[in-house]
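What follows is one structure encoded as structure tokens, with my remarks underneath.
Just so you know, ligand 1 is whichever comes first in the structure, and atom 1 is the first atom listed for that ligand.
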Amino acid sequence: MHQLTNSHWPYPRIVAHRGAGKLAPENTLAAMRCGLEYGFHAVEFDVMLSADGVPILMHDPEFGRTIAGSGSVATSSAAQLMAMDAGSWFGPQFQGECVPSLQQVLEFCLQQRIWMNIEIKPAPGFEELTGHVVAQATRTFYAEHGASLSRAEWPLFSSFSLPALKAAQHTAPEIARGVLFERVPANWLGILQDLQALALHTNHQVLTKELAQQIKAAGYGLFCYTVNQAERARELLAWGVDGFCTDRIDQIGHDFA
Ligand code: G3P
Ligand code: MG
């Protein structure tokens, strides 16, 4: 089912960013369905907590971009959020597309055999709680449904928030973790060791060939965001990058090599 690369990254190489990149409203089930139409069985999406502690898919803590109006995720209940229109901003054909819960997306992805990079995206001030709740929900789901799956089919958590990842490590140590860096700090190895992480995830624009070699030599998976040009994608793969997410699922296919 999946294209496996190596033991440091037993996951698909090309991952649809936020569901289907720029081809459908991000972080919705419509995006996941769009990704499937393009042959993608690997997805990255962002998860945040509602005011009542339910993990839902959302990138921005404040409304105004994908959700019209003003307000915030952390002060809205899950019922309120899941009734909101998360599709109209993208195009009228997506009007009424809802904010999905993590639970709905876990069910959809399991059913469709879609691998998940679950990015834990806490609203400010909710770092540890978000890591804990997302890990607990995922752990509970896979305890029930994941017994027949290989490790490569289990999801991978990632986050820019180290406290969120620490909480996820504590709550669900069996679910692999990747540490997200916008810029890779000098002490990246110590951070990965402390979190017992499987992979380092970084903005591809700050990655160099030398750093890629160091990360791979240390025995970690190496994942980049968000790679939208085929030429750059080829360069990164030649440096030893194991996988990347892309917004251009129409140009960089799931079988890109
Ligand atoms: O997980 C990779 C990427 O999604 C991180 O950035 O802002 O798109 O969530 P962002
Ligand atoms: Mg993300």
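The side-chain heavy atoms of Pro155 and Tyr142, taken from C-beta on, include a pair separated by under 4.5 Å. Residues Phe45 and Ile118 have side chains in contact (heavy-atom distance under 4.5 Å, counting atoms from C-beta outward).
Listed by chain and residue number, Glu235 satisfy the salt bridge (charged side-chain N to carboxylate O under 4.0 Å, His left out) test with Arg232 (two or more places apart in sequence, or in another chain). Legend: residues meeting side chain to side chain contact (heavy atoms under 4.5 Å, CB included) with Ala218, ordered by chain and number and at least two apart, are Trp188, Leu189, Tyr220.
Side-chain atoms of Gln213 and Lys216 include no donor-acceptor pair closer than 3.5 Å. There is no side-chain donor-acceptor pair under 3.5 Å between Asp247 and Thr226. The closest side-chain donor-acceptor pair between Gln214 and Glu210, if any, does not fall under 3.5 angstrom.
The distance cut-off of 2.8 Å around the Mg ion (ligand 2) captures these protein N, O or S atoms, sorted by chain and number: Glu44 OE2, Asp46 OD1, Glu119 OE1.
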Worksheet entry | Leu237 and Arg13: CA distance, side-chain angles, deciding distance, side-chain contact (heavy atoms from CB on, under 4.5 Å) verdict | CA-CA 9 Å; Leu237 294 174; Arg13 188 190 298 266; 3.7 Å; yes
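Each of Phe223, Trp115, Phe244 was evaluated against Tyr11; a single residue qualifies, Trp115, per the ring pair (Phe, Tyr, Trp, His ring centres under 6.0 Å) test.
Within 4.0 Å of ligand 1, protein heavy atoms come from His17, Arg18, Glu44, Asp46, His59, Glu119, Lys121, Phe160, Leu180, Tyr225.
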